[in-house]
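These notes are about the structure you will find just below.
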Number of protein chains: 2
Amino acid sequence: MSVQPHSSARPTLEDVAAKAGVSRATASRVLNASPRVSPEAHEAVTAAVVELGYQPNHAARALVTRRTGAIAVVFSEPEPKIFDDPHFAWLIRSAARSLSDVDVQMVLLLVHSPEDMARAERFLAGGHVDGALMFAPHKGDQLPAVARRLPLPVVYAGRPWGPLRGLHLVDHDNEGGGVLATEHLISLGRKRIVSVTGPLDEHSAMDRLTGWRSAVGASEADVALLTEDGGFSRDGGKRAMAALLARVPDLDAVFVASDLMAAGALDALREAGRRVPEDVAVVGFDDHPMIAPHTSPPLTSVQQDTSNQVKHMVTHLLRLLREEPIKARREVLPTVLVRRASA
Amino acid sequence: MSVQPHSSARPTLEDVAAKAGVSRATASRVLNASPRVSPEAHEAVTAAVVELGYQPNHAARALVTRRTGAIAVVFSEPEPKIFDDPHFAWLIRSAARSLSDVDVQMVLLLVHSPEDMARAERFLAGGHVDGALMFAPHKGDQLPAVARRLPLPVVYAGRPWGPLRGLHLVDHDNEGGGVLATEHLISLGRKRIVSVTGPLDEHSAMDRLTGWRSAVGASEADVALLTEDGGFSRDGGKRAMAALLARVPDLDAVFVASDLMAAGALDALREAGRRVPEDVAVVGFDDHPMIAPHTSPPLTSVQQDTSNQVKHMVTHLLRLLREEPIKARREVLPTVLVRRASA
DNA sequence: CACCGGCACGAGAGCGCTCTCACGAGGGGA
DNA sequence: TCCCCTCGTGAGAGCGCTCTCGTGCCGGTG
């Protein structure tokens, strides 16, 4: 019989406005929470939106606002790291959640090689995203330099290497955490406290070591004797622990700079016949929810709330995008000691 | 008020056309590789694009073509799985790479809970993406049902549960792989071949078991005696191997349905004092590049090329999006045995 | 009573692109 | 010679949204 104009098509703002008996402009005002709308109009539009199941057309909005509604999440990290370390999966998950909470699309960029870097730069320069969250902890990483010449707001996780001038970042108090962990071991009466460190080309690993060092009052020579790099991997942690055991047979406590390495360290201690915590007290770092509670014995660990960190990064970036005043370029989140059975 | 975000005035197609001395329509034709363009016009436009550093405005294009240029990658999987199993990181990486190769944005959706599912459904229904790649292997997963009522092209990895009618999927020949592995063990002269399976609420685990079963000619009772579920986790693999060792002391070979579990099984065998491959031959599954070559001894494994699978999924989905004729709704990729030291 | 400022709202102009359509030039068949 | 295709091209109409302006109405002020 008669033609149905928009029966199958997705409703547009025009349809909503018509149904609500207002103009498109007013409907738009309601959707964008403009204050200059009468309560009646507001209610009518809201009702029409619900009734029609209206969803704003993202492309049309992006076209006029010059905002894509998407941000890039960039990991610059050698490939094995990303796959070994559950920390990364956790970061990705946190980012996915934080961003979908605020209705922003996440575009994941994994940079393993120079070609990846070039591709990422092209993408970021292409105007596909409004901003970026960057994870580039390693010394010598090109990403910060690349990002610097892009007209794109960026928030870093932790301190990248190179000049910090003008950078926005959200870090954890790694040094404070190192102190916390070590002082806890001291308060337990431990006398010979060693440390398995992360790779020292990352500030976070460096800071944790600095925390341990200041708490035990270690000299340069002590550092060489009492610490070993475990590379932030499980196997590395095991190897480093074994090395320390060989070098410092009378050790009675160890601060391990990540839970994953701590899991490896526990393996090494077990194989060496040392009881935890009776013979050797162990404190990890991260309080990773998939690791710390599940080791045997459960791991005492310095908590850094990663999902909170990512949430802060997102909030910070959104504020940057809205050109709101920024309280501080750099945020440092606190770390807390979570006690379990290992120390 | 109206401050331009990146006021360095990105060139538009109009600018390109002006510089090339043609109309916007012709410039657009060149960019979209239309055949109806003279060589001279083509060259002039191409030169202008390069000179101006022109990048098409994605939003404007999306608005008129009604294509977002983005697709969703959805993982429906309990949370620990995603973080334990390097297979997932590998899948995510493969997807990220395959999609950026074809210049499509990837939106990652992780579904762990009913709320996540609702959120994902809303997102997918919201027209933010042109299609979706789905990883939902578990029995009882709601995702396929949700996807079915969405007007969105979807390609699955492996066979989801529930009716397959109308679904597009790219699977591996898991059963064939199981046969391959087991026949290899038989050809080695092994007589007592057991299997550590994956969770049998996944078709892939089921199929691998079926392959083993048909190769050894196992009865129902044999299955109960000679196989054990390792849950696709490393610890699970270790536990399952230990259980089999206790139940079938004279076993001389094992087919383990994933490399991660196989790594655990090797631990169990080592702890039990069995030499690999002398006492017990071990074949894994996945040929995971981060695991199989690095176990001791290196793992003989059935290769399933995950990145190839994802690439096929992407190709298939793009074909769906272009409404090109599809050869087959379901693709089954071959599996190959990769020999190393463990069998 | 005239005036003015504030407020809610509508008209309409784009944002940058694709795609339809119409048009002129050139070539081949009648 | 004329007609009709074909082919390359340009003009222009939107896609669905935001946002600036202008307008009419209200209450408060001089």
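Letters go in sequence order (proteins before strands), and every chain restarts at 1.
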Drop me the distance from A/R93's CZ to B/L108's CG, to the nearest 0.5 angstrom.
12.0 Å
How many Å lie between CG on B/L63 and P on D/dC17, as a whole number?
9 Å
Roughly how far, to the nearest 0.5 Å, is CD1 of B/I71 from NE2 of B/H128?
15.5 Å
Using a 4.0 Å heavy-atom cut-off across all strands, classify B/A59 as base, sugar-phosphate, or nothing.
nothing
Of the candidate nucleotides C/dC17, D/dC17, D/dG16, which contains the atom at the shortest distance from the side chain of B/R66?
D/dG16
Rounded (10°) bend between the five-pair end axes of the helix from C/dC1-D/dG30 to C/dA30-D/dT1
60°
In terms of side-chain heavy atoms of A/T26, which of C/dG16, D/dG10, C/dC9 is nearest?
C/dC9
More than 12 heavy atoms of other groups within 6.0 Å of B/Q55 CD
yes
For the pair made of CD in B/Q55 and P in C/dG16, what is the distance, rounded to whole Å?
15 Å
Ion pair A/D101/B/R119, N-O distance below 4.0 Å:
yes
If you count heavy atoms of other groups shown closer than 6.0 angstrom to CD of B/Q142, is the number above 12?
no
d(CD, A/E14; C1', D/dT18) in whole Å:
13 Å
Taking only side-chain N and O atoms of A/S23, does any of them lie within less than 4.0 angstrom of OP1 or OP2 on C/dG10?
yes
Would you kindly check whether a donor in the side chain of A/R29 faces an acceptor in the base of C/dG10, or vice versa, at under 3.5 angstrom?
yes
Regarding C/dT18, can its base be found pairing with the side chain of B/R24 as donor and acceptor, where the two atoms are less than 3.5 Å apart?
yes
Single hit among A/V155, A/L333, A/L317, A/D305 for side-chain contact (heavy atoms from CB on, under 4.5 Å) with A/H312:
A/L333
Regarding the side chain of B/V64, the nearest nucleotide among C/dC15, C/dC17, C/dA11 is C/dC17
Here the distance between atom P of D/dG16 and atom OH of A/Y54, to the nearest Å, is 10 Å
What nucleotide among C/dG16, C/dA8, D/dG16 has an atom nearest to a side-chain atom of A/N57?
D/dG16
How long is the straight-line distance from CZ of B/R67 back to CZ of B/R61, given to the nearest 0.5 Å?
12.5 Å
So does A/S38 get a side-chain nitrogen or oxygen closer than 4.0 Å to the phosphate oxygens (OP1/OP2) of C/dC9?
yes
How many Å lie between NE2 on B/H58 and C1' on D/dC17, as a whole number?
16 Å
Tell me which nucleotide among C/dG12, C/dG16, C/dC9 gets nearest to the side chain of A/A25.
C/dG12
Under 4.0 angstrom, heavy atoms only, what part of the nucleic acid is B/A41 near: base, sugar-phosphate, or nothing?
sugar-phosphate
To the side chain of B/S28, which of C/dC15, C/dT18, D/dG10 is closest?
C/dT18
Nearest listed nucleotide, side chain of A/V37, among D/dC17, C/dC9, D/dT9:
C/dC9
